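Atoms within a ligand are numbered from 1 in the order they appear, just like the ligands themselves. Just so you know, these numbers use all the heavy atoms, side chains as well, and skip hydrogens, waters and symmetry mates. Given the structure is predicted, the values throughout are model-derived calculations rather than measurements.
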Amino acid sequence: MSDKVPYLDLAAQIRGIRQELDAALARALDNCSFCLGPDVARFEKDFAAYCDVKHALGFNSGTSALHVAMRLHDIGPGDEVITTPFTFIATSWAISYCGARPVYVDIDDATFNLDPKLIEAAITPRTKAVLPVHLYGQPFDVDAIAAICQKHNLPFVEDAAQAHGAKYKGKTVGGFGSSACFSFYPAKNLGACGEGGALVTNDPALAARAKSLREHGSTVRYHHDEVGYNYRLEGFQGAVLGVKLKYLAQWTNERRRVAMRYHELLANTPLRLPLEAPGVESAWHLYVVRHPQRDALKAHLDANGIGNAIHYPMPLHLQKAYANLGYKPGDFPVAEKASRECLALPMFPELTDAQIQRVATVVQDFFKSR
Ligand SMILES: *Cc1c(COP(=O)(O)O)cnc(C)c1O
């Protein structure tokens, strides 16, 4: 057997809800509210309820939502924001866009998330906020980070771009920080048919300011209170997201099914399998295994038609764009090791048991042959 298994199959998801999407897009075309509008407003209300928060605002990307989340704390030149070097680059862009400096702290080897034990040593008088990520869908250690932030009177913002519906001690992520940001990039757990994002918060004043910053720093048309942006979510994307949100809980359960099946089938291989920290429920955005021979394993999967990806091959402190920050190899050994060892296997709700078994067989063959 040499069946291919894709890394991600968006077509399978669209197929299942195609008629509903067609109808929703046709209605959006009829109502002509192409920027924000009623579909976005309805989705915002539903997404706030889903995240168990008071306010949700649609943005045109997760990156722009994160940028505004930083602006909400008046972060600017000379300021520092503590964050993780092991994430998608957009987490750090939000800090850089404000002219501030990302200050990296290494990750926890078990969870890939920001290590709370290392945060305090990185705090300086210039520190203005902490920006941790719920990486791969697994909530970071909220209690530990909240305690440090409270002690030092610092806000924290959740980068929840990969963690729609993930739970920490029974509570959905998004309501822990001063605000939280989500991405609706098509490959995320909840994806638009294009770009999209959201900022959620329980604080009415932050919500009002974020709403203004999203729309040119304006609440009354042609009157601008501060320098803002065009970060509005499109009406079409609101329509698509409104349809998809109804399926998100079910899709997250399916992701969990896939993860648990991988756990079973790969348990007796030399791979390090992803774990859920006690008290958390991952949204299983990605299923990331680890092995020192990652590159050879990747080549073996590629050769056998098994989709896979490296999230992320280079930690942020070693990126060319951040050479000016003055970091060097060895500064964050846990993140650097993770970047050499991590490999994501196919993960999406529609993955069949036969496909999962095929992935496991190819992985097992790799270890048999050495
Ligand atoms: C996807 C992602 C973002 C950026 O979201 P976009 O919608 O692509 O702009 C930010 N942070 C993390 C961790 C992400 O995975």
Check against side chain to side chain contact (heavy atoms under 4.5 Å, CB included), Y104 and D331: CA-CA 9 Å; Y104 298 116; D331 283 344; over 6 Å; no
Step-by-step ring pair (Phe, Tyr, Trp, His ring centres under 6.0 Å) determination, F43 to F184: CA-CA 12 Å; F43 168 69; F184 305 128; 5.4 Å; yes
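The protein heavy atom nearest to atom 14 (C) of ligand 1 is K188 NZ, 3.2 Å. From the protein, the heavy atom lying nearest to atom 9 (O) of ligand 1 is T63 OG1, 2.5 Å. The protein atom (non-hydrogen) at minimum distance from atom 7 (O) of ligand 1 is S183 OG, 2.6 Å. In this structure, the protein non-hydrogen atom closest to atom 11 (N) of ligand 1 is D159 OD2, 2.8 Å.
Close approach of ligand 1 to G62 is summarised as follows: ligand atoms under 4.0 Å from at least one heavy atom of the residue are 5 (O), 6 (P), 7 (O), 9 (O). Those atoms of ligand 1 that come under 4.0 Å of a heavy atom in T91, given as number and element, are 11 (N), 13 (C). Ligand 1 places these atoms under 4.0 Å from at least one heavy atom of G196: 7 (O). Shown in contact with T87 at under 4.0 Å from a heavy atom are these atoms of ligand 1, numbered in order with element: 13 (C). Close approach of ligand 1 to S61 is summarised as follows: ligand atoms under 4.0 Å from at least one heavy atom of the residue are 7 (O), 9 (O). Counting atoms of ligand 1 from 1 in the listed order, those under 4.0 Å from a heavy atom of A90 are 3 (C), 4 (C), 10 (C).
The closest approach between A65 and ligand 1 stays at or above 4.0 Å for every heavy atom of the residue. Ligand 1 does not have H285 within reach: every non-hydrogen atom of the residue lies 4.0 Å or more from it. Within the 4.0 Å heavy-atom cutoff, L66 counts among the residues contacting ligand 1.
In this structure, V5 is a member of the same hydrophobic cluster as Y7, with clusters built from ILVMFWY side-chain heavy atoms closer than 4.5 Å.
Side-chain atoms of S218 come within 3.5 Å of backbone atoms of H223 as a donor-acceptor pair (strictly under, hydrogens ignored). In terms of modelled atom types and a separation under 3.5 Å, the side chain of H164 and the main chain of S183 share a donor-acceptor contact. Between the side chain of R214 and the backbone N or O of F59 there is no donor-acceptor pair closer than 3.5 Å.
Backbone and side-chain nitrogen or oxygen atoms of Q162 are examined, and one is located within less than 3.5 angstrom of a nitrogen or oxygen of ligand 1. The shortest N or O to N or O distance between A161 and ligand 1 is not below 3.5 Å.
When heavy-atom distances to ligand 1 are checked against a 4.0 Å cut-off, V133 comes that close only through its side chain, counted from C-beta outward.
Ring geometry for F366 against H300 counts as tilted: the plane angle lies between 30° and 60°, on a 0 to 90° scale. Between Y136 and F86, the ring planes lie perpendicular to each other; the angle is over 60°, past the 30° to 60° tilted range.
The side-chain tip of K171 points at the ring of F176 from less than 6.0 angstrom away and within 45° of straight on.
Here the options are L190, V200, L66, the test is side-chain contact (heavy atoms from CB on, under 4.5 Å), and the partner is F182; only V200 passes.
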